[in-house]
K.L.:
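Take a look at the following structure, please.
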Number of protein chains: 2
Amino acid sequence: MKPFTKSATPPALSSLPSSGLEVRLASRPVGLPTLDHFEIVEAPVPVPAPGQVLVRNLFMSLDPGMLMLIAGRSPLPMPPYAVGEVMYGDAIGEVVASADPSLAEGELVVHRLGWREYAVAEAGAFRRVDKTAYPSPSLHLGFGLVAYVGLMDVAGLRPGDTVFVSSAAGATGSMAGQIARLKGAGRVIGSAGSADKVAYLTGKLGFDAAFDYHDGPVLDRLREAAPDGIDVYFDNVGGEQLRAAVEVMNVHGRIAVCGALNRQSTGRPDEGPGDLLNVLGKRLTIRGFTLWDHLNRAVEFGEQFRNWLREGSIVYDETVIDGLASAPQALLDLVHGRYTGKTVVRLMS
Amino acid sequence: MKPFTKSATPPALSSLPSSGLEVRLASRPVGLPTLDHFEIVEAPVPVPAPGQVLVRNLFMSLDPGMLMLIAGRSPLPMPPYAVGEVMYGDAIGEVVASADPSLAEGELVVHRLGWREYAVAEAGAFRRVDKTAYPSPSLHLGFGLVAYVGLMDVAGLRPGDTVFVSSAAGATGSMAGQIARLKGAGRVIGSAGSADKVAYLTGKLGFDAAFDYHDGPVLDRLREAAPDGIDVYFDNVGGEQLRAAVEVMNVHGRIAVCGALNRQSTGRPDEGPGDLLNVLGKRLTIRGFTLWDHLNRAVEFGEQFRNWLREGSIVYDETVIDGLASAPQALLDLVHGRYTGKTVVRLMS
């Protein structure tokens, strides 16, 4: 075991923050939450006990899946938020005090203790990242890895495939469409919720075709955009878009189910992929996945992603919301499609 | 190329049949067919032209999927039956005249030209099988291979898995449950449509648990039968049973969609696997398949199957219907669950 390299004295108490903001779930909503369901509290920051680390959070991620944790009936492989307790989510911060030899002051760490300005936990809850990897620490919260494993491992992307991505102007979708192109897809089609976003997809992001899912039946729009059918559907939405994709899929098509925005934004159960005979007759594969089963791809993906950024072959757009107190409203706006690209909250600078 | 070993003279015309029965689709039903939608015709049997073979059919298979071909709107990877034309389906017969060097008189062949007493086609339409492999030629029509590839290749059966099979007393389901057990499943659960069939499953076929899907909500029955959840669902049915399976599935569960009896027996579109959040949260895989993508497993499976039969470790039950004229009614009875095990029609002996 590595010796404890810091001095044997505890962190200098005088220099540590005594309190910080955190967001708690005030009550469990029926359907979608409103601001009343969140409570912003100034809470004391404990001194890290032996083995613990105190982290000052710089950015946290906003993610539509958080709505399911708020609703409390999520079948996702994470516990729902408890009423009266502080919420959690992906964040990146800087170690300001460490009582564990594995992490030193000043190191940058990603972790799941967002929705608070200061996080104190066992050192194992934090994962050190390279401070020099990206121009902004917020990029460590990017959803490119989800998109990458969804395309490569779950959907088994093959060169020449026609790929359809829903919610394609969002954090994950914008990565999925671009990574599909970079990995050899023959044609990349995206859907989004506004004309501006459609223009963003075919313009800045280089999608081959895109449509606004409000513009008439999705099935018609998708057939126009994919006259030769689709081979891979990267599904962030479910609902009508999933059913249309199943109709338009080619034989042996593969669907990676990454999100269920349709369910998350309406609060109603999703109707699923529609007529089973399509799944049978076309021998389709529909597979749900979450990042947690695929973290072994993180290093390999990170190298490729940084190369693409350096070359300018991938566009990574962020919406930065300032201050934890703005986060609840930003989460509601995110689910209703207000933002393009990745949405993060800057907690402290 | 092999020399033409038969004499250069054409088959002896006098010894060949001049006519035989065939079943045509008289008209396309709306919903389920009745006997009026079939026409039984005595048709001339052509003399095989060079390169062709004349086969006297011994047995043909009855298969619920035929209803979709009758309905004419099947997305299955086979053409629907044409109105006024003879239907088709799996059959086994004996070569009675050959004008092609690849097949000789007396050989046993499987092919897709059922629903007729005599089949004439290019030699490539017939596949020779080993006359000594089974006690009855009808066993070559068994659905064990479908069950085998569904479990092993599509669902990725692992030792210890809890496996649920719907329509478990049918041709494919009875094989799937037994093969699952023989391949190391920890627990095998079946559903069927009567108390007699349930007793057959847990008795003669050795299922660990079984239930009648008419007995209250399938979800409740499945939870009782699978208190620790299910890992693999071999789906012959869709509908309520699929939705219940998705609810009861364990994380990383796998569903092999082999049939859609619910759709086939009601004529109504299937509602699919239900709430997408289960697929996402539990990272389920739902995969449709047909035998045609997996024929490369036929030899390997045949060897195992014959061993299991010899050892007495697998039960293979057949219902034999006599005469082609009885086949339309038998098909309707099959879809309504009248038969147990594999159903074949004996065309000629």
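Only a predicted model underlies this, so the values are computations on that prediction, with no experimental measurement involved. A note on names: the letters A, B, ... follow the listed sequences, proteins ahead of strands, and every chain is numbered from 1.
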K.L.:
Looking at CG of A:N236 and CG of B:L280, how far apart are the two atoms once the value is rounded to the nearest 0.5 Å?
P.N.:
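So the CG of A:N236 and the CG of B:L280 are separated by 10.0 Å.
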
K.L.:
What do you reckon, is CZ of B:R127 surrounded by more than 12 foreign heavy atoms closer than 6.0 Å?
P.N.:
no

K.L.:
Are any of the side-chain heavy atoms of B:R287 and A:L284 separated by less than 4.5 Å?
P.N.:
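Heavy-atom side-chain distance check fails, nothing below 4.5 Å.
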
K.L.:
Can you find a pair of side-chain heavy atoms, one from B:D293 and one from A:R283, that are under 4.5 Å apart?
P.N.:
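A side-chain contact exists here, since the closest heavy-atom pair is under 4.5 Å.
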
K.L.:
Pairs in or reaching into residues 156-177 of chain B: which pass ring pair (Phe, Tyr, Trp, His ring centres under 6.0 Å), with residues at least two apart or in two chains?
P.N.:
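Every pair satisfying ring pair (Phe, Tyr, Trp, His ring centres under 6.0 Å) with a residue in residues 156-177 of chain B: B:F164-B:F211, B:F164-B:Y233.
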
K.L.:
Roughly how far apart are A:L276 CG and B:I255 CD1, rounded to 0.5 Å?
P.N.:
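Here the rounded value is 9.5 Å.
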
K.L.:
Which heavy-atom pair separates A:T285 from B:T285 by the least distance, and what is that distance?
P.N.:
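Smallest heavy-atom distance, with atoms named: CG2-CG2, 3.9 Å.
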
